[in-house]
Structure formats: structure tokens, C-alpha cells
Number of protein chains: 2
Amino acid sequence: MKAMLIVAHGSRREASNDEIRELARSVARRAENSFDRVSCAFLELAEPNIPDGLRELIRDGVRNIVVMPYFLSAGRHVAEDIPGEVDLVRGEFPDVTIGLAPYLGLAHAVPDLLLQQAAIEGARQ
Amino acid sequence: MKAMLIVAHGSRREASNDEIRELARSVARRAENSFDRVSCAFLELAEPNIPDGLRELIRDGVRNIVVMPYFLSAGRHVAEDIPGEVDLVRGEFPDVTIGLAPYLGLAHAVPDLLLQQAAIEGARQ
């Protein structure tokens, strides 16, 4: 079984955390054959945290996980905190493959996405 | 003249701010007929701030600006801070049209983008 774990920062505003949970469901609907499970976890301020999110997938039989940082820039969270938490769980489960995807901001399609979003506003003017 | 102003949070890490400046150049290269100018501004911690970014475009002859919040969730920054700074400049230049695009996290293509980024890592495993 293969899974994606979307990792977001987490917010004091519960509606923002719910947006991430809804995003995970939306990705799961599109994942079809690429991922059997898609769930989310938070670096801070919301549940589950990253180790617990990974452990839940492993407990459910997942043996291959891609961690997807839902961040736009490579600050300390992306460069140090997320890899550190992933390494913790790698140490607990050496037989499970846990990979770390490039953070969202690195996606080559981001410039086109910005143009599309701007066009929505342009159409309203 | 029409312009897009990409608004990011701003970081103490100058490399992160430079990523945004490079993103603006990348969007500009793709903007072709949709925008004559694409620049960026920061909510805090980096220059220019939002009012100065807008004023520079207006000084250069732009009369139609779409502000594009480079944010993944609708916290206080997206809901209050950015609209407040935009309103300030709207008050100074009532003949200039300044629209506010939906923040990046609302883009319908985000789930597919996450799947693409995860596939990059999946291919490495």
C-alpha cells in the first residue's frame, strides 16, 4: 500500500486546518492508482502531528509513504523541522519507505497557476 | 497598462524573498498579452511593502492592477491585512483599478499539482 501525507503548517484558526483536511480528500479522489491513501498532518497547532500521521498510515498497512510539504517557500520548517520529524519515524520503522517530495512552491506549474488565478479577478473587473 | 502584483508574506531569510522576486520574473515571461508588468511586494520583513509596490506600478503608468496573494490559506493576512493595504492605495488613486485575486490555495489545480510533486519523489524511490 502506498500513501501521500500532505504536511501543512497548522493554524490556530480551525477553518484553515479543515481546508487542509478537505484538500487531502480532494487529492485522494484524484489519486486513483497512484496512492491508496491520502491523508494530512500538521507541523504545529493542529492534529495529527507528523509522526502520528505517519504512524497511523503504517498501522493501517502502508509500507511506502510520500510526504508532501504544503509550503510555498523553503524556510526552517521545510529545510529542518519536517525532515527531522520524518527521520524520527524512519528510525522507528526501518522497513517502511518514507520519501520527501519537493515542497509545493517548487512546482513548475506555479507561475501558470498565478496567471489563472489573476485571470479570475481580471474577468470580474 | 495592466499589471499583476504578487504579494507574499516576506521572510527574515533573504533567499526566500529572492525566490518570490524570481517567481515574479518567471510569471512575467509567461504573461505575454495578459499583463504588461508583473512585480512583487511583501506584507512584512521585506521590501517593497504592498503600498509601495502598488505606487511604483502606478507611477510607471499602470492603471489596472490585479493583486495576487501568494498564500495557501485564508488567515488574517489574506482576509484583513492585504485588503487593508490595498484599500489604502485605492483611496490615494481613485482612478486606478486595483482588484484582488483569490489567494493561491484556492486554485482548483492545487490537488493535481500535489500529485505531480509527489510523483517526482515517487519516481526517485
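Within every chain, numbering begins at 1; the chains are lettered A, B, ... in the order of the sequence lines, protein sequences first and strands thereafter. In what follows, every heavy atom counts, from backbone to side chain, and hydrogens, waters and symmetry copies are set aside. Everything numeric here is computed off the predicted structure, so don't read it as measured data.
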message = Heavy-atom pairs under 4.5 Å with chain B - which of A:Ser73, A:Ala119, A:Ala118 has more of them than the others?
response = A:Ala118

Residue part contacting chain A, namely of B:Phe35, when any heavy atom lies under 4.5 Å = side chain

message = Counting only non-hydrogen atoms closer than 4.5 Å, can you tell me which residues of residues 79-93 of chain A sit against chain B?
response = none

For residues 107-117 of chain A, please give each side-chain donor-acceptor pair under 3.5 Å, one per line with the distance, not counting sequence neighbours.
from: A:Gln117; atom 1: NE2; to: B:Pro102; atom 2: O; distance (Å): 3.3
from: A:Gln117; atom 1: NE2; to: B:Tyr103; atom 2: O; distance (Å): 3.4

ask   = Side-chain heavy atoms under 4.5 angstrom apart, residues restricted to Ile, Leu, Val, Met, Phe, Trp, Tyr: same cluster for A:Leu100 and A:Ile98?
value = yes

inquiry  = Checking an interface table here. Which of residues 15-32 of chain A come within a heavy-atom distance under 4.5 Å of chain B?
reply    = A:Ser16, A:Glu19, A:Leu23, A:Ser26, A:Val27, A:Arg30, A:Ala31

key: Joint hydrophobic cluster, B:Val96 plus B:Leu54, side-chain heavy atoms closer than 4.5 Å   = yes

query = Could you give all pairs that pass the salt bridge (Lys or Arg N to Asp or Glu O under 4.0 Å) test and reach residues 59-68 of chain A, with sequence neighbours left out?
reply = A:Arg37-A:Asp60

task = For atom CG of B:Asp95, decide whether the heavy atoms of other residues, nucleotides or ligands shown that lie under 6.0 angstrom number more than 12.
result = yes

ask   = Under a single-linkage definition using a 4.5 Å side-chain heavy-atom cutoff for Ile, Leu, Val, Met, Phe, Trp and Tyr, are B:Val67 and B:Leu106 assigned to the same hydrophobic cluster?
value = yes

request  = Give, as side chain, backbone, both or neither, the part of B:Ser34 having an atom under 4.5 angstrom from any heavy atom of chain A.
outcome  = side chain

query = Does the A:Arg13 side chain pair with the main chain of B:Arg76, one donor and one acceptor, at a distance under 3.5 Å?
reply = no

